[in-house]
Amino acid sequence: MASNDDNDSSLDDLNQNDTERDLYAVLHISKDADATTIQQAYRRLTLLYHPDKHTDLRNKQLAMELFIQVKKAYDIINDPQKRAIYDVLGMKGLKTDGWEVISRTKTAREILDEYERLAKEREETRFNQMTSLNGSVHTTVNLTDIVNQLNSSNEENDFSTNIQITEFTVEQSIDIPLTYQNTTTVSAVATTRNGRGTGSLTTSFRRTLQDLSWFRVDLTFSQHPHMGLRYFRRITQKLHASVATTFSFIKGRRAIATPGFVFSTSYQLSHHLTSSLQWKTGRGSYMKGFLHYDNQKWSISSALQLGINNTYGAIDGVYRFPDVCNLRCSLKLFIFGPWIEYGIDRQLTKYTHGSATVAISARMGVVLRLKFNRGSQAFTIPFQLSQEILPSSIFYATVVPVLAYLVLDRLIIQPFTRLEQNRTQKKYQDEAREKQSERRREAMNAQEVLRSLVEQIKDREGSQGLLILQAYYGHLTSTINESSTKIIDVTIPLQTLVKNSTLKIETTVSKSNLTGFYDPCIDEEKSLFIKYSFHSQIHTVTYKDTDPIILPIL
């Protein structure tokens, strides 16, 4: 189960780019305001901003915009269902179709899960209108001759770089969604190994059923054609099962179809622990059991396979350093001896993931495997360093990639990352300046509308009432410089909110969301200075940006 910190982090990620004005600030109320408070705030503001109070055509139009803004905010906050969605997801959540199931009693986690589900469905719908191209390149490079020369004690031998590519495989596949439930995949594989080339073409059809089960039919055309069928079913929320069969066609005097079946089940024992069992019949038959434990910090897997051709036991572990890398280690025990792997993987750039793994075994010797994923493309390069287990090969496989990565990180990855960060920051600043300019225009228009109402409110307050003499908002210093571009005069919007010698603004979000306000110093600390008169006595007070306002202070 996700922790509260995880929930808060997810919600912050959703709302960090929301540029809409906070609706609670529009109504000048707190997020826990009850229905009565919401209705009272709405009535008061609609009376204040009503267009009929103005005779000037421009002010009438500007007042209408403020009136509509308050009406929209009220329609959302006064509706329990819409308010529940807005509290969790902001305005972007209200733009999602299918929220009829959400109620005010839903928790933030439940609403977030529902939003993610609906967003995924929209993404799948868009995906169904296009094709998806995936590809991989696998190149096996033999470096044993170079390593042998490095280990040779004969100084008279001339060093030569004899590098052999023993295998090269390219695979490309394209997914073609036909309908929301049906997808066709076409994939092609071309391989050259030790000077001999082979290839295959596979077409697949997959249909998703209403109970979230699915089946797939594969037809492969190659030197040995075969047809495959696979069916997957979710039996319960924790239990999954699948069955697959393959018919291989062997050419001879007559075509012979040899079937093989694979049965597998998976059961979630607990939130972090999953088990599975797999049974394969026919050629290369085996039975395999699998147990996997995974939490946010580390994961461990164990497997035991019993088969005629391949029997082994394995244990794999992954330790995660958040935002840094993942360390991996694996031990497999075969009949011919142990197989040890260790390695590291990490996110290199926003769209590129890389890994390096060292495999050591009596059968294969020492192999360094590099893999890079960028988007839907994968590149795998195994380097065969030696046919035997040599300490020098293990040293080269371990140290050389680390040194190469450090150089690559310093010369390419870090400069590229900084460039991307600078681009992102510049884009954010440009958007912030554009947003600031728009908010400033709105604030000035609002103050122009409210200016015509200030004298009426002051007359009702009289000399003994609450009069706002000066009010400045922004990055304030010990000495307020009225000409500074980092502060704005908000005397007018605050005075218009005074009623019965009281000024109350209960919202706890940034005051730049208030009507007649804007943010004059983005990403800087802001506060609000107020100089007011009450019962003919002058007072001053300074509020932090998110503090509620209650005047007079008694």
Exercise. Around atom NZ of K426, are there more than 12 heavy atoms of other residues, nucleotides or ligands at under 6.0 Å?
Worked result: no
For this session: Using the side chain to side chain contact (heavy atoms under 4.5 Å, CB included) rule, take I530 and Y543 through it: C-alpha gap first, then chi angles, then the decisive distance, then the call.
Result: CA-CA 8 Å; I530 302 176; Y543 291 94; 4.1 Å; yes
For this session: For the residue pair H535 and P552, establish whether any side-chain heavy-atom pair is separated by less than 4.5 Å.
Result: no
Exercise. Between the side chains of D32 and Y24, is a donor N or O closer than 3.5 angstrom to an acceptor N or O?
Worked result: no
Exercise. Relative to W298, does R320 satisfy both conditions: NZ or CZ under 6.0 angstrom from the six-membered ring centre, and within 45 degrees of the ring's axis?
Worked result: no
Exercise. With no hydrogens and no angle check, do the side chains of S301 and H292 hold a donor and an acceptor under 3.5 Å apart?
Worked result: yes
Exercise. Any chance the rings of F321 and Y319 have centres within less than 6.0 Å?
Worked result: yes
Exercise. Counting only N and O atoms by type, is there a donor-acceptor contact under 3.5 Å from the side chain of T546 to the main-chain atoms of S510?
Worked result: no
Exercise. So, for P520 and K526, which heavy atoms are closest and what is the spacing to 0.1 Å?
Worked result: CD-CD, 4.4 Å
Problem set entry | Minimal non-hydrogen separation, G462 against L467, with atom names | O-CD1, 3.8 Å
Seminar exercise, completed: Here the gap from L514 atom CG to T507 atom OG1, rounded to the nearest 0.5 Å, amounts to 6.5 Å
Exercise. Side chains of R346 and Y405: is there a donor and an acceptor less than 3.5 Å apart?
Worked result: yes
Problem set entry | D75 side chain near K71 side chain, heavy-atom distance below 4.5 Å | yes
Exercise. Are T540 and Y532 close enough that some pair of their side-chain heavy atoms sits under 4.5 Å apart?
Worked result: no
Exercise. Would you find a donor on one side and an acceptor on the other, under 3.5 Å apart, between the side chain of Y473 and the backbone of S512?
Worked result: yes
For this session: Might you work through the side chain to side chain contact (heavy atoms under 4.5 Å, CB included) test for V449 and Y49, ending with a clear yes or no?
Result: CA-CA 8 Å; V449 173; Y49 300 145; 5.6 Å; no
For this session: Check step by step if side chain to side chain contact (heavy atoms under 4.5 Å, CB included) holds for M444 and E448.
Result: CA-CA 6 Å; M444 294 300 100; E448 183 178 342; over 6 Å; no
For this session: Evaluate whether atom NZ of K371 has more than 12 neighbouring non-hydrogen atoms of other residues, nucleotides or ligands under 6.0 angstrom away.
Result: no
For this session: For side chain to side chain donor-acceptor pair (under 3.5 Å), just list the numbers for D175 and T185, CA-CA rounded to whole Å, side-chain angles, deciding distance to a tenth of an Å, and then say yes or no.
Result: CA-CA 4 Å; D175 296 331; T185 302; 2.8 Å; yes
For this session: List the atom of L368, the atom of A397, and the distance in Å for their closest heavy-atom pair.
Result: CD1-O, 3.7 Å
Exercise. Does the ring centre of H240 sit less than 6.0 Å away from the ring centre of F232?
Worked result: yes
Exercise. Tell me, do V70 and Y42 make a side-chain contact under 4.5 Å, heavy atoms counted?
Worked result: yes
Exercise. Any side-chain heavy atom of Y74 within less than 4.5 Å of one from T46?
Worked result: no
Problem set entry | Spacing of SG belonging to C329 relative to CD1 belonging to I300, to within rounding of 0.5 Å | 10.0 Å
For this session: Examine distances only and state if a side-chain atom of S437 and a backbone atom of E434 form a donor-acceptor pair shorter than 3.5 Å.
Result: no
Exercise. Closest heavy-atom contact between A471 and L494?
Worked result: CB-CD1, 3.6 Å
Exercise. Ignoring hydrogens and geometry, is there a side-chain-to-backbone donor-acceptor pair from T502 to N500 under 3.5 Å?
Worked result: yes
Problem set entry | Gap separating the CZ atom of R206 from the CG atom of L178, nearest 0.5 angstrom | 13.0 Å
Exercise. With a 4.0 Å cut-off, would you call E420 and R423 a salt bridge?
Worked result: yes
Problem set entry | Side chain H28, main chain I505, donor-acceptor under 3.5 Å | no
Problem set entry | CG (D459) with more than 12 external heavy atoms under 6.0 Å | yes
Seminar exercise, completed: Interatomic distance, OG1@T508 vs CG@D22, rounded to 0.5 Å, equals 8.5 Å
Exercise. How about R369 and T380: do any of their side-chain heavy atoms sit closer than 4.5 Å?
Worked result: yes
Problem set entry | Side-chain heavy atoms of V490 within contact of L528, under 4.5 Å | yes
Exercise. Are any side-chain N or O atoms of Q495 and backbone N or O atoms of I468, one a donor and one an acceptor, separated by less than 3.5 Å?
Worked result: yes
For this session: Could you tell me whether R441 and E438 make a salt bridge, using a distance below 4.0 angstrom between a side-chain N and a carboxylate O?
Result: yes
Problem set entry | Short N-O contact, R21 and E442, less than 4.0 angstrom | yes
Exercise. Side chains of Q377 and S136: do they bring a donor and an acceptor to under 3.5 Å?
Worked result: no
Exercise. With a 3.5 Å cut-off and no angle check, do the side chains of Y293 and T274 form a donor-acceptor pair?
Worked result: no
Exercise. Would you say the side-chain atoms of E506 pair up with the backbone N or O of I549, donor to acceptor, closer than 3.5 Å?
Worked result: no
For this session: For the pair T352 and N373, evaluate side chain to side chain contact (heavy atoms under 4.5 Å, CB included) and give the outcome as yes or no after the intermediate values.
Result: CA-CA 6 Å; T352 304; N373 292 85; over 6 Å; no
Exercise. Do other residues, nucleotides or ligands put more than 12 heavy atoms under 6.0 Å from the CG atom of L57?
Worked result: no
Exercise. Quick one: OG1 on T349 to CG on L419, what's the gap to the nearest 0.5 Å?
Worked result: 12.0 Å
Exercise. Taking atom types as modelled, is there a side-chain donor on R451 or N59 under 3.5 Å from an acceptor on the other?
Worked result: no
Problem set entry | Non-hydrogen side-chain atoms of R83 and I38 separated by less than 4.5 Å | yes
For this session: Would you check if the side chain of T37 reaches a backbone N or O of A33 as a donor-acceptor pair within less than 3.5 Å?
Result: no
Problem set entry | Residues, nucleotides or ligands: over 12 heavy atoms within 6.0 Å of E524 CD | yes
Exercise. Do you see a donor-acceptor pair shorter than 3.5 Å between the side chains of E461 and S501?
Worked result: yes
For this session: Specify the closest pair of heavy atoms between K511 and D545, including all atoms of both residues, with the distance to one decimal.
Result: NZ-O, 2.9 Å
Problem set entry | Separation between CG of L269 and NE2 of H272, rounded to the nearest 0.5 Å | 13.0 Å
Exercise. Below 6.0 angstrom between ring centroids: does that apply to F372 and H353?
Worked result: no
Exercise. Is a side-chain donor or acceptor of D547 paired with a backbone partner of K544 at a separation under 3.5 angstrom?
Worked result: yes
Exercise. Does a salt bridge link D56 with K60, judged by any charged N lying under 4.0 Å from a carboxylate O?
Worked result: no
Exercise. Going through the distances and angles, do Y428 and D523 end up as a side chain to side chain donor-acceptor pair (under 3.5 Å)?
Worked result: CA-CA 11 Å; Y428 166 77; D523 293 334; 3.3 Å; yes
Exercise. Under 3.5 Å, side chain of Q447 to main-chain N/O of D489, donor-acceptor pair present?
Worked result: yes
Exercise. I457 and V498: which non-hydrogen atoms are nearest, and at how many Å?
Worked result: CG2-O, 3.9 Å
For this session: Output yes when D345 and R328 qualify as a salt bridge under the 4.0 Å nitrogen-oxygen rule, no when they do not.
Result: yes
